[in-house]
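Numbers restart at 1 for each chain; the letters A, B, ... are given by sequence-line order, proteins then strands. Just so you know, these numbers use all the heavy atoms, side chains as well, and skip hydrogens, waters and symmetry mates.
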Amino acid sequence: MKFRTIKGVQDITPPETSLWQKVEAIARRVFRTYGYSEIRTPIIEFTELFTRGIGETTDIVEKEMYTFPDRAGRSLTLRPEGTASVVRAYIQNALHTLPAPQKFYYLGPMFRYERPQKGRYRQFHQIGVEAFGTDNPMMDAELLDMLRSLLEALGMGGLAFEVNSIGCPQCRPGYREALTGYLSGRRDHLCNDCLRRYEKNPLRVLDCKSPSCQSLKQEAPRIIDHLCDDCKEHFERFRGYLKTAGIDFTINPLMVRGLDYYTRTTFEVTSSDLGAQNAVAAGGRYDGLVREFGGPDTPAVGFALGMERLVTLLSDREGVHPPGIDVFFAILGEGLRERAFRLVKRLRSAGLSVEMDFLGSSLKSQMRRADKSGARYALILGEDELERGVVKYKRLSDGSQGEVREEELPGFFLGL
RNA sequence: GUGAGUGUAGCUCAACUGGUCAGAGCACUGGACUGUGGCUCCAGGGGUUGUGGGUUCGAGUCCCAUCACUCACCCCA
């Protein structure tokens with residue numbers, strides 16, 4: 001083999017592609033009912049868009065980006081996530097001049113230079129949504145409601161919704177101080193990773209999974225006790241709306257996000273069926289990012305779903321069912337090929353999905369193929385039929401046969 | 001970036017402590033059924049056992065290196 005895919009990327013081939021199409025179709029349908037429109041942005045951007053947006057000291061920016069110079073020497077990056085690009089597009093295309101709120105969804109590949117494992121790849125696919133122009137917590141709740149609708153439409157159970165509020169630039173510094181104050185006296189109890197986090201981003205100590213840190217966190221000050229009045233009210237109303245929407249959730253005061261732009265609401269949906277990489281969807285509010293990117297002060301909230309993980313769950317749950325065709329057209333002899341070609345075309349013009357033999361196979365093997373193709377009917381054209389102006393048909397589900405006149409061909413099958 | 005495991009036909013795997021070991025099932029193709037599928041039976045194509053070295057009379061089997069894949073950590077979707 002001369003060429004292989006590079007590490008962590010993969011081909012998606014039939015019949016799995018039908019599963020992807022299903023996920024995409026359901027997502028588009030659900031988003032439409034919530035008033036979201038599709039936005040498409042480039043998968044490549046100036047590097048600075050991500051370093052500024054996601055945060056210089058985040059893991060994504062520090063070690064996971066596909067970054068390289070273009071021929072003119074500018075630093076470009078394959079997008080590691082979708083939000084930064086959508087915010088850029090929102091400003092660049094002056095979408096803030098349209099009536100608020102503006103709601104968008106996108107889907108497509110993202111790239112992170114990580115060590116691949118189950119459910120994590122270097123090229124992976126996300127479906128994401130972003131709602132701009134309101135800080136009303138009902139929008140946060142609507143988002144979760146939409147997310148739940150989508151996951152339900154995909155037939156997924158066993159999911160857990162966790163929410164939290166990580167405050168705003170007013171209240172977070174105070175909490176950060178309280179937390180570092182608490183941790184500083186207990187540094188010898190922290191794992192090595194957390195000692196690093198303690199210096200860099202103390203909030204991330206909170207979601208460490210190591211047992212030694214786990215116990216420490218029980219007593220740690222909680223951010224939801226340090227929220228300013230506005231954030232506290234926002235969080236309370238958010239939770240109230242979630243109840244109104246009938247969403248089962250738990251508050252996880254330890255959940256912080258790995259991206260710097262989040263404010264107030266954060267949330268995550270996990271599935272126990274996924275292994276270590278168990279997050280299905282995650283998101284939150286980012287009220288400061290549009291302004292940070294030079295746009296007008298515009299609150300926003302969004303989330304992203306990992307498509308590989310959705311497809312994995314869907315596949316485990318339902319298996320893969322490639323769509324069958326309507327008709328397989330079999331011929332007895334090369335002399336009939338051209339005639340069949342014409343008839344096949346006529347059937348297709350009527351909207352039927354039709355396949356025929358190209359290899360000159362025996363009738364038996366054509367029938368085998370018809371069966372495997374999932375066709376509902378096989379048509380057979382031989383010299384005998386040609387002379388009488390008919391085509392033989394066989395219903396593959398029960399083996400019953402009959403004949404149709406050629407000129408009745410498209411119509412005969414349309415009614416079935 | 002760290003750790004562990006695995007690499008034998010398209011897929012899933014077998015081959016005892018190194019000695020006809022290069023196999024099976026599935027898939028594919030053809031035939032039994034000279035113009036008919038799904039079941040059954042038969043036959044066939046397809047592998048320099050990831051790659052490169054080494055040990056040995058002899059290596060898929062042991063050793064080293066390398067590459068790839070997998071799982072976990074980190075982190076995340």
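The phosphate of B:C28 has OP1 or OP2 within less than 4.0 Å of a side-chain N or O from A:K372. Side-chain nitrogen and oxygen atoms of A:S362 include at least one within less than 4.0 Å of the OP1 or OP2 phosphate oxygen of B:G31. Applying the 4.0 Å criterion to OP1 and OP2 of B:C73, one finds that A:Q117 has a side-chain N or O inside that range. Remark: A:K364 is in phosphate contact with B:G37, judged by side-chain N or O atoms under 4.0 Å from OP1 or OP2.
Across all strands shown, A:G399 has heavy atoms under 4.0 Å from base atoms, whether or not it also approaches the sugar-phosphate. As judged by a 4.0 angstrom heavy-atom cut-off over every strand, A:E385 is placed among the base-contacting residues. Nucleic acid contact for A:K394: base, since at least one base atom lies under 4.0 Å from a heavy atom of the residue. Note on A:F303: nothing from the nucleic acid sits closer than 4.0 angstrom, heavy atoms only. Residue-level contact check: A:S397 touches the bases, meaning some heavy atom is under 4.0 Å from a base atom. A:G128 comes within 4.0 angstrom of nothing in the nucleic acid, heavy atoms only. Heavy atoms of A:A370 sit nowhere under 4.0 angstrom from any nucleic acid atom.
In summary, the aromatic rings of A:Y105 and A:F31 are positioned with their centroids under 6.0 Å apart. Two rings, from A:F249 and A:F161, have their centers 6.0 Å or more apart. Note: A:F104 and A:Y36 fail the aromatic proximity criterion, with ring centroids not under 6.0 Å apart.
No N or O donor and acceptor, one from the side chain of A:D371 and one from the base of B:G38, sit under 3.5 Å apart. Side-chain atoms of A:Q401 and base atoms of B:U36 include a donor and an acceptor less than 3.5 Å apart. In this model, no side-chain donor or acceptor of A:R368 finds a partner on the base of B:U36 within 3.5 Å. If you check distances only, the side chain of A:E114 never reaches the base of B:G1 with a donor-acceptor pair under 3.5 Å.
With hydrogens and angles left out, the side-chain atoms of A:Q366 and A:S361 include no donor and acceptor closer than 3.5 Å.
Atom-to-atom, OH of A:Y113 to C1' of B:C74 comes out at 16 Å; the value is rounded to the nearest Å. Following rounding to the nearest Å, A:D357 (CG) and B:G37 (P) show an atom-to-atom distance of 15 Å.
None of A:L305, A:L150, A:L314 except one satisfies the side-chain contact (heavy atoms from CB on, under 4.5 Å) rule with A:V23; the exception is A:L314.
Rounded to a whole angstrom, the distance from the P atom of B:C62 to that of B:G47 is 25 Å. The same atom, P, is picked in B:U29 and in B:C73; the two are 43 Å apart, to the nearest Å. One C1' atom belongs to B:C69, the other to B:A32, and the distance between them is 43 Å to the nearest Å. Annotation: B:U40 and B:A27 have their P atoms spaced 9 Å apart (nearest Å). Atom C1' of B:U56 sits at a distance of 31 Å from the matching atom of B:A24, rounded to the whole Å.
Note on A:E81 versus A:R112: no salt bridge recorded, every NZ/NE/NH1/NH2 to OD/OE distance being 4.0 Å or above.
Nearest-nucleotide assignment on RNA chain B puts the 5′-proximal partner with A:L363, out of A:L363 and A:K118.
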